[in-house]
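Encoded as C-alpha coordinates, the structure appears first; notes follow it.
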There are 2 protein chains.
Amino acid sequence: MPTGRRERKKAATRQKIADAALRLFLEQGYDAVGIRDVAAEADVAVTTLFSHFASKEALVFEQDEDFEQRLTRAVTDRAPHEPLIPALRHEIQALVRHCTADSVAPIWRMIDASPALRKYEESMRLRHAESLATAIAADPDLSVTPTAARAIARFVIDAYSLAREATDPQAAVGEIFQMIEAAWVVTCPSANSTGTARP
Amino acid sequence: MPTGRRERKKAATRQKIADAALRLFLEQGYDAVGIRDVAAEADVAVTTLFSHFASKEALVFEQDEDFEQRLTRAVTDRAPHEPLIPALRHEIQALVRHCTADSVAPIWRMIDASPALRKYEESMRLRHAESLATAIAADPDLSVTPTAARAIARFVIDAYSLAREATDPQAAVGEIFQMIEAAWVVTCPSANSTGTARP
DNA sequence: ACCGTAACACTAACCGTTAGGGTTTTGAAC
DNA sequence: GTTCAAAACCCTAACGGTTAGTGTTACGGT
(Lines give C-alpha, C1' and ligand atoms only; values in the text may rest on other atoms or scores of the structure.)
Protein backbone atom coordinates (compact mmCIF):
# COMPACT_ATOMS: atom_id res chain seq x y z
CA MET A 1 0.00 0.00 0.00
CA PRO A 2 2.55 2.61 0.92
CA THR A 3 3.78 3.84 -2.43
CA GLY A 4 7.03 5.57 -2.35
CA ARG A 5 8.17 9.14 -2.29
CA ARG A 6 7.52 9.75 1.40
CA GLU A 7 9.39 6.66 2.42
CA ARG A 8 12.26 7.42 0.13
CA LYS A 9 12.55 10.93 1.51
CA LYS A 10 12.38 9.64 5.03
CA ALA A 11 15.06 7.03 4.40
CA ALA A 12 17.19 9.68 2.72
CA THR A 13 16.89 11.97 5.73
CA ARG A 14 17.80 9.15 8.07
CA GLN A 15 20.81 8.27 5.99
CA LYS A 16 21.84 11.90 5.73
CA ILE A 17 21.79 12.14 9.52
CA ALA A 18 23.69 8.90 10.04
CA ASP A 19 26.33 9.89 7.50
CA ALA A 20 26.80 13.33 8.99
CA ALA A 21 27.05 11.87 12.46
CA LEU A 22 29.63 9.25 11.55
CA ARG A 23 31.69 11.77 9.63
CA LEU A 24 31.79 14.23 12.50
CA PHE A 25 32.38 11.52 15.09
CA LEU A 26 35.34 10.11 13.23
CA GLU A 27 36.77 13.55 12.50
CA GLN A 28 36.47 15.08 15.94
CA GLY A 29 35.70 12.24 18.33
CA TYR A 30 32.38 11.07 19.67
CA ASP A 31 32.40 13.13 22.84
CA ALA A 32 33.58 16.28 21.14
CA VAL A 33 30.57 16.35 18.82
CA GLY A 34 27.20 17.45 20.16
CA ILE A 35 23.76 16.47 18.98
CA ARG A 36 23.23 20.05 17.85
CA ASP A 37 26.36 19.80 15.72
CA VAL A 38 25.13 16.65 14.04
CA ALA A 39 21.73 18.13 13.39
CA ALA A 40 23.29 21.26 11.90
CA GLU A 41 25.65 19.23 9.71
CA ALA A 42 22.75 17.12 8.44
CA ASP A 43 20.66 20.28 8.08
CA VAL A 44 17.73 19.03 10.14
CA ALA A 45 16.20 20.06 13.44
CA VAL A 46 17.26 18.35 16.63
CA THR A 47 13.76 16.99 17.12
CA THR A 48 13.88 15.48 13.65
CA LEU A 49 17.12 13.74 14.48
CA PHE A 50 15.51 12.22 17.55
CA SER A 51 12.53 11.05 15.55
CA HIS A 52 14.91 8.90 13.51
CA PHE A 53 17.29 7.79 16.26
CA ALA A 54 16.36 7.08 19.83
CA SER A 55 19.60 8.42 21.28
CA LYS A 56 23.01 9.79 20.41
CA GLU A 57 24.53 6.34 20.76
CA ALA A 58 22.02 4.87 18.33
CA LEU A 59 23.57 7.04 15.63
CA VAL A 60 26.67 4.86 15.81
CA PHE A 61 24.94 1.48 16.01
CA GLU A 62 22.77 2.36 13.08
CA GLN A 63 22.25 -1.13 11.75
CA ASP A 64 22.22 -3.27 14.85
CA GLU A 65 19.01 -4.95 13.71
CA ASP A 66 21.00 -6.68 11.01
CA PHE A 67 23.11 -8.26 13.69
CA GLU A 68 20.08 -9.49 15.58
CA GLN A 69 18.40 -10.88 12.50
CA ARG A 70 21.48 -12.65 11.24
CA LEU A 71 21.81 -14.46 14.54
CA THR A 72 18.20 -15.54 14.85
CA ARG A 73 18.14 -16.59 11.19
CA ALA A 74 21.22 -18.68 11.72
CA VAL A 75 19.00 -20.66 14.07
CA THR A 76 15.67 -20.63 12.29
CA ASP A 77 16.87 -20.91 8.69
CA ARG A 78 19.37 -23.73 9.07
CA ALA A 79 18.84 -26.99 7.21
CA PRO A 80 16.73 -29.68 8.92
CA HIS A 81 18.73 -31.68 11.44
CA GLU A 82 21.69 -29.36 11.04
CA PRO A 83 23.24 -29.07 14.48
CA LEU A 84 22.73 -25.80 16.28
CA ILE A 85 26.11 -24.89 17.71
CA PRO A 86 28.21 -25.20 14.54
CA ALA A 87 25.65 -23.09 12.72
CA LEU A 88 25.96 -20.41 15.37
CA ARG A 89 29.73 -20.68 15.38
CA HIS A 90 29.81 -20.16 11.66
CA GLU A 91 27.65 -17.07 11.91
CA ILE A 92 29.65 -15.60 14.78
CA GLN A 93 32.84 -16.20 12.84
CA ALA A 94 31.41 -14.25 9.93
CA LEU A 95 30.25 -11.43 12.18
CA VAL A 96 33.60 -11.19 13.93
CA ARG A 97 35.41 -11.22 10.62
CA HIS A 98 33.17 -8.44 9.43
CA CYS A 99 33.61 -6.16 12.43
CA THR A 100 37.38 -6.60 12.56
CA ALA A 101 37.81 -5.69 8.90
CA ASP A 102 39.98 -2.68 8.21
CA SER A 103 37.13 -0.67 6.73
CA VAL A 104 35.17 -0.56 9.99
CA ALA A 105 38.12 -0.70 12.38
CA PRO A 106 38.10 3.06 13.09
CA ILE A 107 34.48 2.85 14.12
CA TRP A 108 35.16 0.11 16.63
CA ARG A 109 38.17 1.96 17.92
CA MET A 110 35.90 4.91 18.55
CA ILE A 111 33.38 2.69 20.31
CA ASP A 112 36.01 1.14 22.54
CA ALA A 113 37.26 4.61 23.44
CA SER A 114 33.90 5.94 24.64
CA PRO A 115 32.35 4.63 27.86
CA ALA A 116 28.92 5.76 26.74
CA LEU A 117 29.16 3.74 23.56
CA ARG A 118 30.50 0.68 25.35
CA LYS A 119 27.64 0.82 27.78
CA TYR A 120 25.13 1.13 24.99
CA GLU A 121 26.65 -1.79 23.16
CA GLU A 122 26.39 -3.93 26.27
CA SER A 123 22.71 -3.26 26.66
CA MET A 124 22.24 -4.03 22.98
CA ARG A 125 23.85 -7.38 23.51
CA LEU A 126 21.32 -8.20 26.19
CA ARG A 127 18.55 -7.63 23.68
CA HIS A 128 20.34 -9.75 21.12
CA ALA A 129 20.82 -12.56 23.61
CA GLU A 130 17.13 -12.49 24.50
CA SER A 131 16.13 -12.69 20.83
CA LEU A 132 18.52 -15.52 20.23
CA ALA A 133 17.23 -17.35 23.29
CA THR A 134 13.70 -17.06 22.01
CA ALA A 135 14.72 -18.46 18.62
CA ILE A 136 16.51 -21.38 20.25
CA ALA A 137 13.67 -22.13 22.61
CA ALA A 138 11.20 -22.06 19.70
CA ASP A 139 13.01 -24.67 17.63
CA PRO A 140 10.94 -27.89 17.69
CA ASP A 141 13.99 -30.01 16.83
CA LEU A 142 15.61 -28.96 20.07
CA SER A 143 14.10 -29.70 23.41
CA VAL A 144 15.80 -27.40 25.84
CA THR A 145 14.59 -25.73 28.96
CA PRO A 146 14.07 -21.96 28.77
CA THR A 147 16.95 -21.49 31.17
CA ALA A 148 19.33 -23.55 29.05
CA ALA A 149 18.27 -21.66 25.92
CA ARG A 150 18.95 -18.33 27.62
CA ALA A 151 22.28 -19.54 28.90
CA ILE A 152 23.47 -20.76 25.51
CA ALA A 153 22.31 -17.52 23.91
CA ARG A 154 24.32 -15.47 26.40
CA PHE A 155 27.36 -17.64 25.91
CA VAL A 156 27.18 -17.12 22.17
CA ILE A 157 26.91 -13.36 22.54
CA ASP A 158 29.78 -13.47 25.01
CA ALA A 159 31.81 -15.32 22.40
CA TYR A 160 31.25 -12.50 19.94
CA SER A 161 32.10 -9.84 22.48
CA LEU A 162 35.22 -11.56 23.75
CA ALA A 163 36.47 -12.46 20.30
CA ARG A 164 36.23 -8.86 19.17
CA GLU A 165 38.62 -7.85 21.91
CA ALA A 166 40.99 -10.80 21.62
CA THR A 167 44.35 -10.53 19.94
CA ASP A 168 43.42 -13.36 17.58
CA PRO A 169 39.65 -13.05 17.13
CA GLN A 170 39.20 -16.10 14.95
CA ALA A 171 41.08 -18.35 17.32
CA ALA A 172 39.09 -16.98 20.24
CA VAL A 173 35.84 -17.86 18.52
CA GLY A 174 37.06 -21.40 18.06
CA GLU A 175 38.25 -21.72 21.62
CA ILE A 176 35.06 -20.38 23.19
CA PHE A 177 32.81 -22.41 20.91
CA GLN A 178 34.54 -25.57 22.03
CA MET A 179 33.38 -24.64 25.50
CA ILE A 180 29.88 -23.77 24.31
CA GLU A 181 29.65 -27.07 22.48
CA ALA A 182 30.49 -28.92 25.68
CA ALA A 183 27.97 -26.87 27.62
CA TRP A 184 25.37 -27.58 24.97
CA VAL A 185 25.88 -31.32 25.01
CA VAL A 186 25.06 -31.64 28.69
CA THR A 187 21.71 -29.91 28.17
CA CYS A 188 20.37 -32.67 25.94
CA PRO A 189 21.57 -36.16 26.97
CA SER A 190 20.39 -37.67 23.68
CA ALA A 191 22.40 -35.32 21.50
CA ASN A 192 24.89 -36.35 18.88
CA SER A 193 28.45 -35.14 18.86
CA THR A 194 28.77 -32.33 16.37
CA GLY A 195 32.48 -32.02 15.72
CA THR A 196 33.94 -28.66 16.65
CA ALA A 197 36.75 -29.01 14.12
CA ARG A 198 39.82 -27.08 15.17
CA PRO A 199 43.20 -28.64 14.29
CA MET B 1 47.32 7.63 60.33
CA PRO B 2 43.75 8.50 59.50
CA THR B 3 42.12 8.83 62.91
CA GLY B 4 38.43 9.02 62.84
CA ARG B 5 35.95 11.84 63.06
CA ARG B 6 36.29 13.01 59.51
CA GLU B 7 35.83 9.55 58.11
CA ARG B 8 32.89 8.83 60.35
CA LYS B 9 31.16 12.04 59.31
CA LYS B 10 31.85 11.33 55.68
CA ALA B 11 30.48 7.82 55.94
CA ALA B 12 27.44 9.17 57.76
CA THR B 13 26.77 11.67 54.98
CA ARG B 14 27.12 9.00 52.37
CA GLN B 15 24.71 6.75 54.21
CA LYS B 16 22.25 9.58 54.73
CA ILE B 17 22.23 10.20 51.00
CA ALA B 18 21.86 6.53 50.11
CA ASP B 19 19.02 6.10 52.60
CA ALA B 20 17.17 9.17 51.39
CA ALA B 21 17.56 8.05 47.80
CA LEU B 22 16.32 4.53 48.38
CA ARG B 23 13.37 5.77 50.40
CA LEU B 24 12.27 8.22 47.72
CA PHE B 25 12.90 5.77 44.89
CA LEU B 26 10.78 3.08 46.49
CA GLU B 27 8.04 5.52 47.41
CA GLN B 28 7.70 7.36 44.13
CA GLY B 29 9.59 5.33 41.55
CA TYR B 30 13.12 5.76 40.29
CA ASP B 31 12.28 7.88 37.28
CA ALA B 32 9.89 10.12 39.17
CA VAL B 33 12.57 11.23 41.62
CA GLY B 34 15.18 13.74 40.53
CA ILE B 35 18.68 14.18 41.82
CA ARG B 36 17.66 17.53 43.25
CA ASP B 37 14.89 15.80 45.21
CA VAL B 38 17.34 13.32 46.68
CA ALA B 39 19.81 16.02 47.61
CA ALA B 40 17.07 18.06 49.29
CA GLU B 41 15.77 15.04 51.21
CA ALA B 42 19.26 14.23 52.43
CA ASP B 43 19.86 17.93 53.14
CA VAL B 44 23.05 18.17 51.13
CA ALA B 45 24.06 20.04 48.00
CA VAL B 46 23.82 18.36 44.64
CA THR B 47 27.56 18.64 44.20
CA THR B 48 28.07 16.91 47.52
CA LEU B 49 25.86 14.07 46.38
CA PHE B 50 27.97 13.63 43.29
CA SER B 51 31.15 13.65 45.32
CA HIS B 52 29.87 10.51 47.06
CA PHE B 53 28.18 8.78 44.13
CA ALA B 54 29.34 8.84 40.55
CA SER B 55 25.85 8.82 39.08
CA LYS B 56 22.17 8.58 39.89
CA GLU B 57 22.22 4.85 39.20
CA ALA B 58 25.10 4.34 41.61
CA LEU B 59 22.77 5.41 44.40
CA VAL B 60 20.89 2.17 43.91
CA PHE B 61 23.87 -0.15 43.49
CA GLU B 62 25.48 1.28 46.57
CA GLN B 63 27.43 -1.78 47.62
CA ASP B 64 28.37 -3.42 44.37
CA GLU B 65 31.98 -3.69 45.46
CA ASP B 66 30.93 -6.33 47.94
CA PHE B 67 29.65 -8.41 45.06
CA GLU B 68 32.89 -8.09 43.16
CA GLN B 69 35.05 -8.91 46.16
CA ARG B 70 32.99 -11.92 47.17
CA LEU B 71 33.40 -13.40 43.72
CA THR B 72 37.12 -12.85 43.40
CA ARG B 73 37.68 -14.10 46.95
CA ALA B 74 35.73 -17.23 46.15
CA VAL B 75 38.54 -17.88 43.68
CA THR B 76 41.59 -16.63 45.54
CA ASP B 77 40.65 -17.73 49.06
CA ARG B 78 39.57 -21.29 48.36
CA ALA B 79 41.45 -24.17 49.91
CA PRO B 80 44.44 -25.58 48.01
CA HIS B 81 43.40 -27.96 45.26
CA GLU B 82 39.74 -27.18 45.82
CA PRO B 83 38.14 -27.23 42.39
CA LEU B 84 37.22 -23.87 40.90
CA ILE B 85 33.76 -24.33 39.49
CA PRO B 86 32.01 -25.77 42.57
CA ALA B 87 33.50 -22.96 44.63
CA LEU B 88 32.07 -20.42 42.25
CA ARG B 89 28.75 -22.23 42.13
CA HIS B 90 28.52 -22.12 45.88
CA GLU B 91 29.21 -18.39 45.94
CA ILE B 92 26.72 -17.65 43.18
CA GLN B 93 24.10 -19.67 44.98
CA ALA B 94 24.62 -17.59 48.08
CA LEU B 95 24.48 -14.34 46.13
CA VAL B 96 21.31 -15.37 44.32
CA ARG B 97 19.71 -16.44 47.56
CA HIS B 98 20.60 -13.09 49.05
CA CYS B 99 19.21 -10.97 46.24
CA THR B 100 15.99 -12.91 45.95
CA ALA B 101 15.21 -12.55 49.64
CA ASP B 102 11.97 -10.81 50.47
CA SER B 103 13.71 -7.91 52.17
CA VAL B 104 15.42 -6.75 49.00
CA ALA B 105 12.82 -7.92 46.49
CA PRO B 106 11.25 -4.45 46.03
CA ILE B 107 14.64 -3.03 45.13
CA TRP B 108 15.17 -5.58 42.41
CA ARG B 109 11.65 -5.05 41.14
CA MET B 110 12.47 -1.37 40.82
CA ILE B 111 15.70 -2.17 39.00
CA ASP B 112 13.96 -4.48 36.56
CA ALA B 113 11.39 -1.77 35.89
CA SER B 114 13.87 0.92 34.92
CA PRO B 115 15.82 0.67 31.65
CA ALA B 116 18.46 3.03 32.99
CA LEU B 117 19.09 0.80 35.98
CA ARG B 118 19.14 -2.36 33.90
CA LYS B 119 21.67 -0.78 31.60
CA TYR B 120 23.83 0.26 34.52
CA GLU B 121 23.67 -3.18 36.05
CA GLU B 122 24.73 -4.73 32.77
CA SER B 123 27.84 -2.59 32.58
CA MET B 124 28.58 -3.39 36.23
CA ARG B 125 28.47 -7.08 35.39
CA LEU B 126 31.08 -6.57 32.72
CA ARG B 127 33.40 -5.06 35.28
CA HIS B 128 32.70 -7.94 37.63
CA ALA B 129 33.39 -10.44 34.89
CA GLU B 130 36.69 -8.77 34.09
CA SER B 131 37.76 -8.87 37.75
CA LEU B 132 36.75 -12.48 38.02
CA ALA B 133 38.61 -13.33 34.84
CA THR B 134 41.74 -11.71 36.22
CA ALA B 135 41.46 -13.71 39.42
CA ILE B 136 40.99 -16.95 37.50
CA ALA B 137 43.86 -16.24 35.14
CA ALA B 138 46.12 -15.41 38.09
CA ASP B 139 45.60 -18.72 39.88
CA PRO B 140 48.79 -20.77 39.54
CA ASP B 141 46.92 -24.03 40.13
CA LEU B 142 44.94 -23.45 36.98
CA SER B 143 46.55 -23.17 33.60
CA VAL B 144 44.01 -21.57 31.36
CA THR B 145 44.38 -19.26 28.42
CA PRO B 146 43.29 -15.66 28.99
CA THR B 147 40.41 -16.18 26.59
CA ALA B 148 39.14 -19.22 28.45
CA ALA B 149 39.38 -17.39 31.76
CA ARG B 150 37.37 -14.50 30.39
CA ALA B 151 34.80 -16.84 28.92
CA ILE B 152 34.30 -18.77 32.14
CA ALA B 153 34.05 -15.51 34.08
CA ARG B 154 31.33 -14.26 31.76
CA PHE B 155 29.45 -17.51 31.97
CA VAL B 156 29.48 -17.32 35.76
CA ILE B 157 28.17 -13.77 35.74
CA ASP B 158 25.55 -14.82 33.22
CA ALA B 159 24.50 -17.57 35.58
CA TYR B 160 23.88 -15.03 38.29
CA SER B 161 21.97 -12.73 36.01
CA LEU B 162 19.82 -15.47 34.50
CA ALA B 163 19.11 -17.14 37.82
CA ARG B 164 17.86 -13.88 39.26
CA GLU B 165 15.22 -13.71 36.56
CA ALA B 166 14.30 -17.39 36.55
CA THR B 167 11.16 -18.69 38.19
CA ASP B 168 13.23 -21.07 40.29
CA PRO B 169 16.54 -19.27 40.83
CA GLN B 170 18.25 -22.05 42.75
CA ALA B 171 17.41 -24.64 40.13
CA ALA B 172 18.61 -22.30 37.41
CA VAL B 173 21.97 -21.91 39.13
CA GLY B 174 22.31 -25.67 39.21
CA GLU B 175 21.32 -26.10 35.60
CA ILE B 176 23.63 -23.43 34.25
CA PHE B 177 26.55 -24.54 36.37
CA GLN B 178 26.28 -28.01 34.92
CA MET B 179 26.87 -26.36 31.58
CA ILE B 180 29.72 -24.26 32.92
CA GLU B 181 31.34 -27.33 34.43
CA ALA B 182 31.26 -29.03 31.05
CA ALA B 183 32.68 -25.92 29.38
CA TRP B 184 35.40 -25.75 32.01
CA VAL B 185 36.46 -29.35 31.61
CA VAL B 186 37.27 -28.94 27.92
CA THR B 187 39.62 -26.05 28.68
CA CYS B 188 42.03 -28.23 30.66
CA PRO B 189 42.28 -31.79 29.31
CA SER B 190 44.14 -32.98 32.41
CA ALA B 191 41.43 -31.83 34.81
CA ASN B 192 39.68 -34.06 37.28
CA SER B 193 35.93 -34.46 37.31
CA THR B 194 34.52 -32.30 40.03
CA GLY B 195 31.06 -33.70 40.61
CA THR B 196 28.28 -31.19 39.94
CA ALA B 197 25.90 -32.98 42.27
CA ARG B 198 22.31 -32.47 41.22
CA PRO B 199 20.00 -35.47 41.62
C1' DA C 1 -9.49 19.24 -5.43
C1' DC C 2 -9.49 17.98 -0.69
C1' DC C 3 -8.35 16.28 3.68
C1' DG C 4 -5.85 13.53 7.07
C1' DT C 5 -1.51 12.72 8.45
C1' DA C 6 3.48 11.88 8.25
C1' DA C 7 7.61 14.41 8.34
C1' DC C 8 9.75 18.25 9.75
C1' DA C 9 10.84 22.84 12.28
C1' DC C 10 11.14 26.00 16.27
C1' DT C 11 11.10 27.18 21.07
C1' DA C 12 11.64 26.28 25.58
C1' DA C 13 12.29 23.60 28.84
C1' DC C 14 13.76 19.22 32.03
C1' DC C 15 17.24 16.50 34.05
C1' DG C 16 21.75 14.51 35.03
C1' DT C 17 26.14 16.15 35.51
C1' DT C 18 30.21 19.28 35.99
C1' DA C 19 33.07 23.55 36.49
C1' DG C 20 34.23 27.38 39.14
C1' DG C 21 34.80 29.49 43.24
C1' DG C 22 33.83 30.10 48.05
C1' DT C 23 33.15 28.64 53.32
C1' DT C 24 33.52 25.65 57.25
C1' DT C 25 35.47 21.73 59.67
C1' DT C 26 39.13 18.74 60.86
C1' DG C 27 43.73 16.85 61.90
C1' DA C 28 48.12 17.74 62.81
C1' DA C 29 52.41 20.45 63.37
C1' DC C 30 54.29 23.96 65.90
C1' DG D 1 46.86 27.00 72.03
C1' DT D 2 47.70 28.86 67.36
C1' DT D 3 48.25 28.07 62.77
C1' DC D 4 47.82 25.89 58.45
C1' DA D 5 46.62 22.66 54.60
C1' DA D 6 43.49 19.84 53.14
C1' DA D 7 39.03 17.73 53.20
C1' DA D 8 34.30 18.20 53.07
C1' DC D 9 30.83 20.90 51.98
C1' DC D 10 27.85 24.69 49.70
C1' DC D 11 26.11 27.70 45.87
C1' DT D 12 25.51 29.32 41.22
C1' DA D 13 25.62 28.67 36.58
C1' DA D 14 26.12 26.25 32.97
C1' DC D 15 26.54 22.22 29.41
C1' DG D 16 24.60 18.50 26.70
C1' DG D 17 21.16 14.90 25.75
C1' DT D 18 16.37 14.61 25.49
C1' DT D 19 11.39 15.79 25.20
C1' DA D 20 6.85 18.42 25.15
C1' DG D 21 4.21 21.67 22.89
C1' DT D 22 2.91 23.83 18.86
C1' DG D 23 2.97 24.85 14.37
C1' DT D 24 3.96 24.23 9.10
C1' DT D 25 4.71 21.76 4.85
C1' DA D 26 4.40 17.98 1.60
C1' DC D 27 2.56 13.80 0.44
C1' DG D 28 -0.99 10.11 -0.61
C1' DG D 29 -5.51 8.37 -0.81
C1' DT D 30 -10.21 9.61 -1.96
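Within every chain, numbering begins at 1; the chains are lettered A, B, ... in the order of the sequence lines, protein sequences first and strands thereafter.
Expressed to the nearest 0.5 Å, how far CE of Met179(B) lies from OG1 of Thr147(A) amounts to 9.5 Å. Between the CD1 atom in Ile92(B) and the CG atom in Leu71(B) there is a gap of 5.0 Å [rounded to 0.5 Å].
As rounded to whole Å, 12 Å separates atom C1' of dC8(C) from atom CG of Leu49(A). For the pair Ile17(B) CD1 and dC9(D) C1', the computed distance is 10 Å after rounding to whole Å. Between the P atom of dC27(D) and the CD atom of Glu7(A) lies a distance of 14 Å, rounded to the nearest Å. For the pair Phe50(A) CZ and dA13(C) C1', the computed distance is 14 Å after rounding to whole Å. One interatomic measurement links the two molecules: NZ of Lys56(B) to P of dT18(D), which rounds to 15 Å at whole-angstrom precision. For the pair Lys10(A) NZ and dC27(D) C1', the interatomic distance rounds to 13 Å; values are reported in whole Å. Taking atom OH of residue Tyr120(B) and atom C1' of nucleotide dG16(C), one finds them 14 Å apart after rounding to whole Å. At whole-Å resolution of the value, CZ in Phe25(B) and C1' in dC15(C) are 13 Å apart.
Each of dG20(C), dT25(C), dT18(D) was ranked by its minimum atom distance to the side chain of Thr47(B); first place goes to dG20(C).
Looking at heavy-atom distances under 4.0 Å, Val33(B) makes contact with sugar-phosphate atoms alone, never a base. Nucleic acid contact for Asp43(A): sugar-phosphate only, since backbone atoms but no base atoms lie under 4.0 Å from a heavy atom of the residue. Using a 4.0 Å heavy-atom cutoff across all strands shown, Asp31(A) reaches no nucleic acid atom at all. Within 4.0 Å (heavy atoms only), Val44(B) reaches sugar-phosphate atoms of the nucleic acid but no base atom.
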Residues Glu122(B), Arg118(B); criterion salt bridge (charged side-chain N to carboxylate O under 4.0 Å, His left out); working and verdict: CA-CA 6 Å; Glu122(B) 174 69 12; Arg118(B) 291 184 72 93; over 6 Å; no
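With hydrogens and angles left out, the side chain of Thr13(B) and the base of dC9(D) share no donor-acceptor pair within 3.5 Å. Interface remark: the Ser51(A) side chain does not form any donor-acceptor pair with the dC8(C) base, using a distance-only criterion of under 3.5 Å. Judged by distance alone with a 3.5 Å cut-off, a donor-acceptor contact links the side chain of Arg36(B) to the base of dG16(C).
Here the closest non-hydrogen pair linking Ala159(A) and Ile176(A) is CB-CG2, 3.7 Å.
Side-chain nitrogen and oxygen atoms of Thr48(A) include none within less than 4.0 Å of the OP1 or OP2 phosphate oxygen of dA7(C). The phosphate of dA8(D) has neither OP1 nor OP2 within less than 4.0 Å of any side-chain N or O from His52(B). In terms of phosphate contacts, Lys9(B) brings a side-chain nitrogen or oxygen within less than 4.0 Å of OP1 or OP2 of dT26(C).
Of the two residues near DNA chain C, Gly34(B) and Val46(A), the one whose nearest nucleotide lies more 5' is Val46(A). Map Tyr30(A) and Arg5(A) each onto its nearest nucleotide of DNA chain D; the residue landing nearer the 5' end is Tyr30(A).
Using a 4.0 Å cut-off between charged nitrogen and carboxylate oxygen, Lys16(A) and Asp43(A) do not count as a salt-bridge pair.
Residues Phe67(B) and Tyr160(B) bring their aromatic ring centres within 6.0 Å.
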